[in-house]
Structure formats: structure tokens, C-alpha cells
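Working notes for the structure below.
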Amino acid sequence: QVQLVESGGGLVQADGSLRLSCAASGTLFSFLVMDWYRQAPGKQRELVAGFTKGGTTYAEYVKGRFTISRDNAKNTVYLQMNSLKPEDTAVYYCHARLRVGVQDYWGQGTQVTVSL
């Protein structure tokens, strides 16, 4: 069973930075396609950043501010968030799916709160 554990969330002032981490276990890390989603209260869960066959993809509202990266030696994916805005406030979720197969997995989420 694949398990994903997020960390790094917290309270930060507008224009501040946070780095989220997602540690994966239960399968070879190279078998996983990783993404970051977020969900604000009363809102739909939305894709924030992810890896594609050709590189990375970002939601329009985070381009130039967020960066997704992957450290295979640590079985961890990161989301570096700079120039944070109050509208970035949400629970951020790590997501993964196997490169071969249709099963997908979610972490427990980590709260990010951006104050004025």
C-alpha cells in the first residue's frame, strides 16, 4: 500500500514563503507520478502543480511563485511556495498514481494559512 505523508504547512504572512514536503513509501518511488493539490473551505480540490512527461505543469494562479521538485534519494516531492497570498490559504494535498495502472493515492493534507 502506497502511503503519502505531507509536512511543512503553517501560518505565514503575505509575501512569505513555505516549502511543503511529501514523503512516499510502499513502492519504488520511480513508479509514482506525483502532484500537489489544494482545497479551501467550501471550494473544490484543485491541481496546483505536477510532473508531466515533458517537465512540470502549474495552475495559472501560481506560475512564477511555486516550484515542484522531486528528490529520488529521499523518496520525497516538494512544493516551494514563494510570494504567498491570502488566497493561497488551503489544505494542500500530495497526490500520486502508479505509472502503470489506474490506482491513485492521497496524503492526509497539510494546512497553509497566509495572513494579511
Which pair of heavy atoms, one from [X] and one from [Y], lies closest together, and at what distance?
X: G9; Y: V112; result: CA-CG2, 4.1 Å
X: L11; Y: S115; result: CD1-CB, 4.3 Å
X: S17; Y: Q80; result: CB-NE2, 4.1 Å
X: A40; Y: A90; result: N-CB, 3.8 Å
X: N72; Y: N75; result: O-OD1, 3.1 Å
X: Y93; Y: G107; result: CD2-O, 3.6 Å

Could you grab the distance from atom [atom1] of [X] to atom [atom2] of [Y], nearest 0.5 Å is fine?
X: L47; Y: W36; atom1: CG; atom2: CH2; result: 12.5 Å
X: K63; Y: T57; atom1: NZ; atom2: OG1; result: 6.5 Å
X: L32; Y: D104; atom1: CG; atom2: CG; result: 11.0 Å
X: Q13; Y: L84; atom1: CD; atom2: CG; result: 11.5 Å
X: L98; Y: Y105; atom1: CG; atom2: OH; result: 4.5 Å
X: L79; Y: D35; atom1: CG; atom2: CG; result: 11.0 Å

Has the side chain of [X] got a donor or acceptor atom that lies under 3.5 Å from a matching backbone atom of [Y]?
X: R99; Y: S30; result: yes
X: Y58; Y: I68; result: yes
X: E6; Y: G109; result: yes

Verify same cluster id: L18, V48 (apolar side-chain graph, 4.5 Å): yes
Are W106 and V2 in one and the same hydrophobic cluster, where Ile, Leu, Val, Met, Phe, Trp and Tyr link if side-chain heavy atoms are under 4.5 Å apart?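 In one cluster: no.
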In the hydrophobic clustering (ILVMFWY, side-chain contacts below 4.5 Å, transitive), which residues join V33, or is it alone?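 Members alongside V33: none; it stands by itself.
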May I have all residue pairs that pass disulfide (SG to SG under 2.5 Å) and include part of residues 38-69, sequence neighbours excluded?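 Found none.
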Atom CD of Q103: over 12 foreign heavy atoms under 6.0 Å: yes
Can you list every pair that meets side-chain hydrogen bond (donor to acceptor under 3.5 Å, both in side chains) and has a residue in residues 38-50, with sequence neighbours left out?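 Found R38-E46, R38-D88, R38-Y92, Q39-R45, E46-Y61.
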Cation over ring face, R70 and F29, 6.0 Å, 45°: yes
Do the non-hydrogen side-chain atoms of [X] and [Y] ever get within less than 4.5 Å of each other?
X: M34; Y: L4; result: yes
X: Y37; Y: V91; result: no
X: Q111; Y: T89; result: yes

